Amino acid sequence: MKIKVTFPDKKIVEINSGASAAEAIASWNKDALTNAVAVKLNGEIVDLSRVLKKDAVIDVIDVNSDAGLDILRHSISHVMAHAVQEVFKGAKVSIGPSIQDGFYYDFEYEKPFTTDDFEKIETKMREIIKADYPFVREEIERQKAVKLFTERKEDYKVELINDLPPDIEIVSIYKDGNYIDLCRGPHIPSTGVIKAFKLLSVAGAYWRGDEKNKMLQRIYGTGFADEESLTNYLTLLEEAKKRDHRKLGKELDLFQVNEEAGAGLIIFHPKGMMLRYIIEDWERKEHLKRGYEMVMGPQILKVDLWKKSGHFEHYRDNMYFTEVDEQTYGIKPMNCLSHMLIYKSKIRSYRDLPLRYFELGTVHRHEKTGVLHGLLRVRQFTQDDAHILCTPEQLNTEIRAIADFVNYAMGIFGFEYEVELSTKPDHYIGTDQDWQLATDALKNALEDNKINYVINEGDGAFYGPKIDFKLKDALKRKWQCATIQCDFTLPERFDLSYIGADGEKHRPVMLHRVILGAIERFMGVLIEHYAGAFPVWLAPTQCILLTVTDKHIPYAQSVYEKLTEAGIRCEKFFENEKLGYKIRQAQMQKIPYMLVIGDKEVSAAAVAPRARDGANLGSVPVQEFIELVKEMCEKRK
RNA sequence: GCCGAUGUAGCUCAGCCGGCAGAGCAACUGAUUCGUAAUCAGUAGGUCGCCAGUUCGAUUCUGGCCAUCGGCUCCA
């Protein structure tokens with residue numbers, strides 16, 4: 001019997017029923033098989049060996065496509081598991097998916113794996129690849145699968161099968177050589193298809209991602225269609241390491257984390273503080289432009305107030321407490337309480353609303369030791385926090401204005417971001433009805449602003465749902481910075497009210513929001529984003545004066561005074577060193593402009609700027625250089 | 001908090017099987033006065049993360065703690 005197979009070019013090929021997808025492709029276009037790892041059959045991705053029994057629409061999955069790489073990496077993870085079990089007898093497998101840029105596989109084994117074991121594993125993997133075992137798919141009855149994996153002492157696989165929904169009767173397994181894995185597939189045709197892979201790291205990982213479960217050993221690796229792509233990726237990793245904000249923080253003398261002072265506590269050095277000051281100064285002005293008022297609350301507030309807000313019940317584990325005069329105080333992990341007390345300090349009219357309280361508020365949160373990470377995850381940080389108290393009718397406009405503000409701010413720094421809507425978590429306060437109202441308000445505002453977003457189920461704050469803006473750093477990791485949280489509950493708990501046009505008391509709604517998020521985290525992401533080479537308006541040092549010889553010092557000193565007087569952040573490098581050395585030092589400090597001063601400049605009342613990118617601007621009158629820097633600052637360049 | 005690795009001069013890193021601790025850069029001193037990515041010579045600098053233990057003797061071996069790194073869980 002013949003069947004018809006339709007290909008992407010609309011060409012229809014007739015083949016015998018029972019032929020494989022690979023055979024069908026070969027009869028259509030032989031070259032298409034060269035880089036094929038799987039096939040999209042009527043929209044479903046399956047093995048090339050899949051047998052065709054009726055008419056079908058087929059698309060080839062190329063190894064270099066996202067789906068193709070996914071399949072390749074997933075197959076490499078099988079080969080790795082295969083190798084690990086050969087090298088380490090008794091190692092049990094659990095799960096081994098492909099992930100962004102690679103794959104991992106989780107094992108249980110009595111002895112810890114180390115990176116020293118990688119060579120043995122990789123050697124074994126190469127043997128398996130050389131043997132070119134086909135990946136054979138078999139579909140077997142659920143109970144047979146349980147028996148098979150029980151015999152092979154693969155407890156985790158047995159657990160996975162047992163946890164499948166009851167209506168599933170058939171499961172698929174994949175074999176390559178003598179290795180068998182429970183797996184949905186699809187896989188590459190055979191192990192020999194693998195051309196380039198590398199094991200990268202080992203780490204602990206909880207079974208099924210639950211910290212109550214046993215910790216397994218995870219091996220991370222990556223794989224590509226060819227050696228060149230792998231090398232390029234490894235080079236990229238090296239480059240990313242060079243822009244690590246912790247490394248740059250040290251090299252550019254921006255900040256330190258000191259063991260004696262405490263983990264997760266940032267000590268800002270002069271240059272780091274200058275950068276922070278510039279950002280904060282910019283932010284304050286932007287807030288004032290948008291109708292915010294600056295406020296400030298205390299670091300510690302009595303514990304009863306934290307009980308009233310619900311923080312004591314829901315957030316206690318993350319809080320620090322201190323005892324003063326037999327009174328317990330909570331060190332603030334959030335800024336909202338003081339802002340509510342400001343609101344409550346007098347009777348409010350609907351004419352007063354919305355009220356927008358802005359505070360660069362420093363908070364303390366007790367984060368677990370293992371999560372601390374440079375500036376990105378710390379225990380004390382400052383939020384560019386604001387609380388907006390408004391009527392329910394004003395909610396939409398306010399949320400949309402904040403989303404615009406975020407967009408504007410991200411544009412200034414050149415960040416791309418993604419938006420998520422996080423809904424009600426397991427532990428929450430307030431009524432379901434209010435949660436629904438709050439969630440709808442956020443959702444509607446996003447839709448009115450035509451912002452694409454994904455729903456992040458159950459990830460809201462305990463007092464309300466939130467919109468999270470996640471921006472991407474140099475390593476493609478996503479960091480939550482901006483967030484908008486809609487809260488009906490705290491105004492209720494604090495009995496906030498305003499007098500409406502009807503003369504009656506009404507309950508205001510509160511929006512919690514940050515734009516940059518935590519200044520520390522934002523700076524960390526910013527450092528990596530610019531690789532430490534800050535634009536002129538942000539650079540802690542905008543220019544450095546380099547004298548050619550000692551005789552140029554008096555003139556250079558006068559230039560320094562002029563520049564400093566003009567508000568330009570300038571450094572001196574008048575030491576007795578060769579110009580090449582001074583340029584090299586300035587270059588490594590990533591200072592935007594090096595101002596060379598020699599005989600020519602002295603006689604022309606000029607400076608000779610050399611830009612960070614190496615461009616030599618020749619001799620420029622001092623005043624002209626001042627104007628140049630000022631213009632760049634105004635344009636945020 | 002959990003798994004694993006690491007902690008040596010200001011920084012980057014050597015240091016074998018337990019026997020008085022090393023380099024480069026930086027710092028300091030001197031010479032040199034030089035035009036776009038490292039001038040030369042010399043000097044100084046260490047509680048080998050902290051606390052115990054084993055040992056005649058511990059940077060080295062063992063244990064505990066602290067911190068950092070890679071992850072997991074959690075989060076701005």
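Note that the structure is predicted; figures quoted are calculated from it, not measured. The sequence lines fix the lettering, A, B, ..., with proteins before strands; numbering per chain opens at 1.
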Hey, are A/D244 and A/R246 close enough for a salt bridge, meaning a charged N less than 4.0 Å from a carboxylate O?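 Result for this pair is yes, salt bridge flagged.
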
A/E398 with A/R513: basic N within carboxylate O range, under 4.0 Å: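 Here A/E398 does not pair with A/R513 in a salt bridge, since their nearest N and O are not under 4.0 Å apart.
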
Pick the [atom1] atom in [N] and in [M], then give their distance to the nearest Å.
N: B/rG45; M: B/rG22; atom1: P; value: 13 Å
N: B/rC48; M: B/rG19; atom1: P; value: 15 Å
N: B/rG7; M: B/rU60; atom1: C1'; value: 14 Å

Over all strands shown, is [X] touching base, sugar-phosphate only, or nothing at heavy-atom distances under 4.0 angstrom?
X: A/K466; answer: sugar-phosphate
X: A/R246; answer: sugar-phosphate
X: A/V363; answer: nothing
X: A/Y220; answer: sugar-phosphate

Does [Y] have [X] sitting over its ring (NZ/CZ under 6.0 Å from centre, angle to axis within 45°)?
X: A/R365; Y: A/Y320; result: no
X: A/R73; Y: A/F103; result: no
X: A/R316; Y: A/F312; result: yes

Taking 4.0 Å as the cut-off, does a side-chain nitrogen or oxygen of [X] come that near to OP1 or OP2 on [N]?
X: A/Q217; N: B/rC3; value: no
X: A/H366; N: B/rG1; value: no
X: A/T114; N: B/rA5; value: no
X: A/K250; N: B/rU12; value: yes

Testing the 3.5 Å rule here: is there a donor-acceptor pair between the side chains of [X] and [Y]?
X: A/K572; Y: A/T547; answer: no
X: A/E108; Y: A/S94; answer: no
X: A/H387; Y: A/N335; answer: no

Using 30° and 60° as the class limits, which term best fits the ring planes of A/F358 and A/H287: parallel, tilted or perpendicular?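 Ring orientation of A/F358 relative to A/H287: parallel.
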
Angle class for the A/F113/A/Y109 ring planes (parallel below 30°, perpendicular above 60°, tilted otherwise)?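 A/F113 and A/Y109: parallel rings.
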
Tabulated below should be each protein N or O lying under 3.5 Å from an N or O of nucleotides 64-66 of chain B; please produce it.
{"from": "B/rC66", "atom 1": "O2", "to": "A/E259", "atom 2": "OE2", "distance (Å)": "3.3"}

If the glycosidic angle is within 90 degrees of 0 it's syn, otherwise anti, so just tell me which one B/rC28 is.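 Here B/rC28 takes the anti form, which means its glycosidic angle is more than 90° from 0.
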
What does nucleotides 35-42 of chain B look like as a protein-contact string, B for base, S for sugar-phosphate only, - for none, at under 4.0 angstrom between heavy atoms? BBBBB---

Does the side-chain ring of A/F113 lie flat on the base of B/rG4, meaning centres under 5.5 Å and planes less than 30 degrees apart?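 No.
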
Does A/E260 contact B/rA67 through a side-chain donor or acceptor facing the base, at a distance under 3.5 Å?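 Counting by modelled atom types and ignoring angles, no donor-acceptor contact under 3.5 Å is found here.
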
Can you list the stems that RNA chain B is part of, where a stem is at least 3 pairs in a row, each Watson-Crick or G-U, with both distances below 3.5 Å?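 Output for stems: B:1-7 with B:66-72, B:10-13 with B:22-25, B:27-31 with B:39-43, B:49-53 with B:61-65.
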
Residue [X], side-chain atoms from C-beta onward, closest of [options]:
X: A/A205; options: B/rG70, B/rG1, B/rC72; value: B/rC72
X: A/D459; options: B/rA76, B/rC75, B/rG1; value: B/rC75
X: A/F381; options: B/rA76, B/rU33, B/rC2; value: B/rA76

Distance check needed: B/rU73 C1' versus A/D106 CG, whole Å only.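 Answer to the nearest Å: 13 Å.
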
Could you state the atom-to-atom distance from CG of A/N258 to P of B/rG49 in whole Å?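 Going from CG in A/N258 over to P in B/rG49 covers 16 Å.
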
